[in-house]
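Values reported hereafter were calculated over all heavy atoms of this structure, with side chains retained and with hydrogens, waters and symmetry mates removed. We name chains A, B, ... by the order of the sequence lines, and we start the count at 1 in each one. Worth saying up front: this structure is predicted, and the values here are computed from it rather than measured.
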There are 4 protein chains.
Amino acid sequence: MNVIADLCVVPIGIGISVSKEVAMCERILAAAGLKTHLHAYGTNIEGDWDQVFAAVKRCHEALHAAGVPRISTNMRFGTRTDREQNMDDKIRSVEKKMAD
Amino acid sequence: MNVIADLCVVPIGIGISVSKEVAMCERILAAAGLKTHLHAYGTNIEGDWDQVFAAVKRCHEALHAAGVPRISTNMRFGTRTDREQNMDDKIRSVEKKMAD
Amino acid sequence: MNVIADLCVVPIGIGISVSKEVAMCERILAAAGLKTHLHAYGTNIEGDWDQVFAAVKRCHEALHAAGVPRISTNMRFGTRTDREQNMDDKIRSVEKKMAD
Amino acid sequence: MNVIADLCVVPIGIGISVSKEVAMCERILAAAGLKTHLHAYGTNIEGDWDQVFAAVKRCHEALHAAGVPRISTNMRFGTRTDREQNMDDKIRSVEKKMAD
């Protein structure tokens with residue numbers, strides 16, 4: 001089952017800046033071979049369900065191992081059976097409607 | 001790794017009412033032996049990380065098998081290493097502060 | 001326009017415990033006369049759109065005034081025009097389907 | 001108060017495709033003069049709190065007026081008082097840490 005997701009990991013208890021920890025997650029997602037797109041409030045992820053969620057688990061494990069005591073993550077994820085769709089398709093579909 | 005989560009599954013393409021599909025997910029979470037609390041905009045879930053996410057996957061699979069063509073889920077999940085905490089602890093902690 | 005929402009405010013940069021700040025938000029929502037239900041990963045809110053979002057803004061303002069340097073909030077909110085529905089209706093609707 | 005947000009509007013009860021409705025929201029956000037970035041699972045928005053939330057309200061109103069009977073939106077929004085930060089800053093901050 002393929003999934004398109006959006007991940008927003010919020011490390012708590014390490015001060016105001018969290019970009020180092022977000023960068024750790026980006027590296028983990030890339031190392032998992034997942035297609036990703038970093039934006040200003042999270043990261044789009046596309047891939048096989050099990051691979052996506054295994055990578056998300058590694059993000060939590062790696063951040064805790066790096067000393068982050070608490071993590072609150074927000075994630076959107078969508079699946080569909082009517083047709084195949086990737087991240088670029090979703091954006092193009094909206095942009096096409098905007099141009100109409 | 002224990003996780004406290006909040007799951008909001010939104011079935012798309014089956015009309016306006018989605019309560020039947022939400023009820024299916026509730027049964028799947030209960031059958032998985034997870035501690036849950038249904039509220040007006042989602043379901044609190046507490047348990048082992050792998051068991052929680054395996055149950056969430058079964059929700060998507062079961063809804064698709066039941067004819068739902070598209071699902072957009074929103075999920076919050078938190079882990080912490082500083083101390084053990086369950087769902088009741090979280091609520092009591094806030095209520096205690098409100099009473100102070 | 002009536003809205004049913006779920007609010008999860010995450011204060012950042014004040015340490016691991018955030019229950020005092022969540023309790024502040026609960027008091028603000030109650031003072032606004034909104035119907036609420038605190039659960040383990042957020043707060044259900046029901047009311048007029050403008051009143052709900054004015055209260056959410058006051059939560060951010062009050063937390064910053066209390067010294068929280070950064071806040072990352074996650075919120076779900078739903079509106080519908082087909083019929084009136086309150087928070088209890090949503091839960092009962094799912095519970096009825098579970099009993100069937 | 002400036003806010004950086006991420007908006008994901010899910011129209012319910014209009015079938016499987018929702019790109020036309022997402023495009024309507026994009027136009028509303030642009031017409032409001034807000035800085036936005038469309039990605040595969042939502043839209044980043046940056047601007048004054050009141051202007052951002054007024055535009056989000058117009059999205060719900062416009063979709064209902066166009067015949068969407070039910071909408072479930074998920075939104076992240078962050079404010080901070082320690083320093084000014086825009087959407088590009090957030091991304092650059094993570095990318096810099098990834099390069100280190």
Side-chain angles (χ1 to χ4, degrees), chain A residues 1-14 18 21 24-25 28 41-87 89-90 93-94, chain B residues 1-14 18 21 24-25 28 41-87 89-90 93-94:
Chain A
M1 185 163 54
N2 206 56
V3 64
I4 294 180
D6 192 61
L7 180 71
C8 178
V9 174
V10 181
I12 299 171
I14 54 161
V18 299
E21 287 70 26
M24 284 183 62
C25 293
I28 289 167
Y41 221 128
T43 303
N44 295 162
I45 312 172
E46 179 186 328
D48 170 70
W49 179 290
D50 291 337
Q51 292 180 343
V52 168
F53 283 94
V56 171
K57 186 184 180 188
R58 279 198 294 279
C59 290
H60 272 243
E61 290 173 333
L63 261 56
H64 284 313
V68 178
R70 189 174 188 179
I71 305 168
S72 188
T73 291
N74 175 256
M75 191 173 175
R76 302 172 188 141
F77 42 95
T79 56
R80 59 193 303 175
T81 54
D82 60 317
R83 65 180 179 91
E84 290 191 17
Q85 185 187 45
N86 63 34
M87 299 195 301
D89 294 334
K90 287 189 74 172
S93 182
V94 173
Chain B
M1 184 164 53
N2 205 56
V3 64
I4 295 180
D6 192 62
L7 180 72
C8 178
V9 174
V10 181
I12 299 171
I14 53 162
V18 300
E21 286 70 26
M24 284 184 61
C25 293
I28 289 166
Y41 221 127
T43 303
N44 296 162
I45 312 172
E46 179 186 327
D48 170 71
W49 179 290
D50 290 336
Q51 292 180 343
V52 168
F53 284 93
V56 171
K57 187 185 180 188
R58 281 198 293 280
C59 290
H60 273 244
E61 290 173 333
L63 261 56
H64 285 313
V68 179
R70 190 176 188 178
I71 306 168
S72 188
T73 291
N74 175 257
M75 191 172 175
R76 303 171 188 141
F77 42 95
T79 56
R80 61 192 302 175
T81 54
D82 60 316
R83 64 180 179 90
E84 290 191 17
Q85 186 187 43
N86 63 33
M87 300 196 300
D89 295 333
K90 286 188 74 172
S93 182
V94 173

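Here the straight-line distance linking atom NE2 of B:H60 with atom CH2 of A:W49 works out to 4.0 Å at 0.5 Å rounding. One distance of note links OG of A:S72 with CZ of B:R80; it measures 10.5 Å at 0.5 Å rounding.
With sequence neighbours excluded, no residue forms a side-chain contact (heavy atoms from CB on, under 4.5 Å) with B:A65.
Chain A forms the most heavy-atom pairs under 4.5 Å with one residue out of B:I71, B:D82, B:V10, and that residue is B:I71.
In this structure, no portion of A:D6 lies under 4.5 Å from any heavy atom of chain B. For B:V56, the parts lying near chain A are the backbone and the side chain together; criterion is any non-hydrogen pair under 4.5 Å. Both the backbone and the side chain of B:M75 have a heavy atom closer than 4.5 Å to some heavy atom of chain A.
Of all heavy-atom pairs between A:T81 and B:V68, the closest is OG1-O, 3.8 Å.
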